[in-house]
J.: 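Below is one structure. I have some questions about it.
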Amino acid sequence: MEQQENESGKSIAIISYIMIIGVLIAMSMNSENKNKFASFHIRQALGLSLTFISLGLIISNFDSAMISISMWIFLSVLWTFAIFGAIKGEQTPVPILGNCFQKWFSSIS
């Protein structure tokens, strides 16, 4: 049963990782028939998108390529981990921040 739910929500989960636009599209796609797998990945993607935007705003005040590149690498690794989890049908939270995203965005279902 759980495997079938994961398969039915996989496309929504993958779409959610197309930055903030994908999150909004996935939220609207998941609004009628709530899918737990898709909701999990929507919360992860929303958290990653907001982290990207907020870190980008903070780091843009520094004129250091090293800090900027570190942020890009950090978020790229988390994003890659998350999207491959969605493709494989897993509900593994991203390292460091994933459990916080699930807690903070628990109202998104």
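FYI, the numbering just counts along the sequence from 1.
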J.: I need the minimum non-hydrogen distance between Thr92 and Phe40, along with the two atoms involved.
T.: C-CZ, 3.7 Å

J.: Going through the checks in order, is the side chain to side chain contact (heavy atoms under 4.5 Å, CB included) test met by Phe101 and Leu46?
T.: CA-CA 8 Å; Phe101 295 157; Leu46 178 62; over 6 Å; no

J.: Which atom names give the shortest non-hydrogen contact between Ser49 and Ile20, and what distance separates them?
T.: OG-N, 3.6 Å

J.: When you measure from the side chain of Gln44 to the backbone N and O of Pro93, does any donor-acceptor pair fall under 3.5 Å?
T.: no

J.: Over all heavy atoms of both residues, which pair between Leu48 and Trp79 is shortest? Give the atoms and the distance, please.
T.: CD1-CA, 4.0 Å

J.: Could you state the interatomic distance from CZ (Arg43) to OG (Ser107), rounded to the nearest 0.5 Å?
T.: 9.0 Å

J.: Return all side-chain donor-acceptor pairs below 3.5 angstrom for residues 62-74, not counting sequence neighbours, or 'none' if the list is empty.
T.:
from, atom 1, to, atom 2, distance (Å)
Ser64, OG, Met66, N, 3.4
Ser64, OG, Ile67, N, 3.4
Ser68, OG, Ser64, O, 3.3
Ser70, OG, Met66, O, 2.7

J.: Can you sort out the partners of Lys88 under salt bridge (charged side-chain N to carboxylate O under 4.0 Å, His left out), two or more places apart, ordered by chain and number?
T.: Glu90

J.: Say you draw a straight line from OG of Ser76 to CZ of Phe52; how long is it, rounded to the nearest 0.5 Å?
T.: 8.5 Å

J.: Where is the tightest heavy-atom contact between Gly47 and Phe105, given as atom of each residue plus distance?
T.: CA-CE1, 3.6 Å

J.: Roughly how far, to the nearest 0.5 Å, is CD1 of Ile12 from CD1 of Ile42?
T.: 6.5 Å

J.: Looking at OG1 of Thr80 and CG of Leu75, how far apart are the two atoms once the value is rounded to the nearest 0.5 Å?
T.: 10.5 Å

J.: Is the backbone of Asn35 close enough, under 3.5 Å, to the side chain of Asn30 for a donor and an acceptor to pair up by distance?
T.: yes

J.: Is there a donor-acceptor pair closer than 3.5 Å between any side-chain N or O of Lys10 and the backbone N or O of Ala86?
T.: no

J.: Of all heavy-atom pairs between Val23 and Ser16, which one has the smallest distance, and what is that distance?
T.: CG2-O, 3.3 Å

J.: Under a single-linkage definition using a 4.5 Å side-chain heavy-atom cutoff for Ile, Leu, Val, Met, Phe, Trp and Tyr, are Phe81 and Leu50 assigned to the same hydrophobic cluster?
T.: yes

J.: Got a sec: does the NZ of Lys34 have more than 12 other heavy atoms crowding it under 6.0 Å?
T.: yes

J.: What's the spacing between Met19 CE and Leu24 CG if we round to 0.5 Å?
T.: 11.5 Å

J.: Looking at Leu57, I want to see if its CG is surrounded by more than 12 non-hydrogen atoms of other residues, nucleotides or ligands under 6.0 Å.
T.: yes

J.: Taking all atoms of both residues into account, what is the closest heavy-atom pair of Ala13 and His41, and its distance?
T.: CB-CB, 3.6 Å

J.: Treat each ILVMFWY residue as a node, draw an edge where side-chain heavy atoms are under 4.5 Å apart, and state whether Val77 and Ile18 are in one component.
T.: no

J.: Are Leu78 and Pro95 close enough that some pair of their side-chain heavy atoms sits under 4.5 Å apart?
T.: yes

J.: Sequence neighbours excluded, which residues qualify as side chain to side chain donor-acceptor pair (under 3.5 Å) partners of Gln91?
T.: none

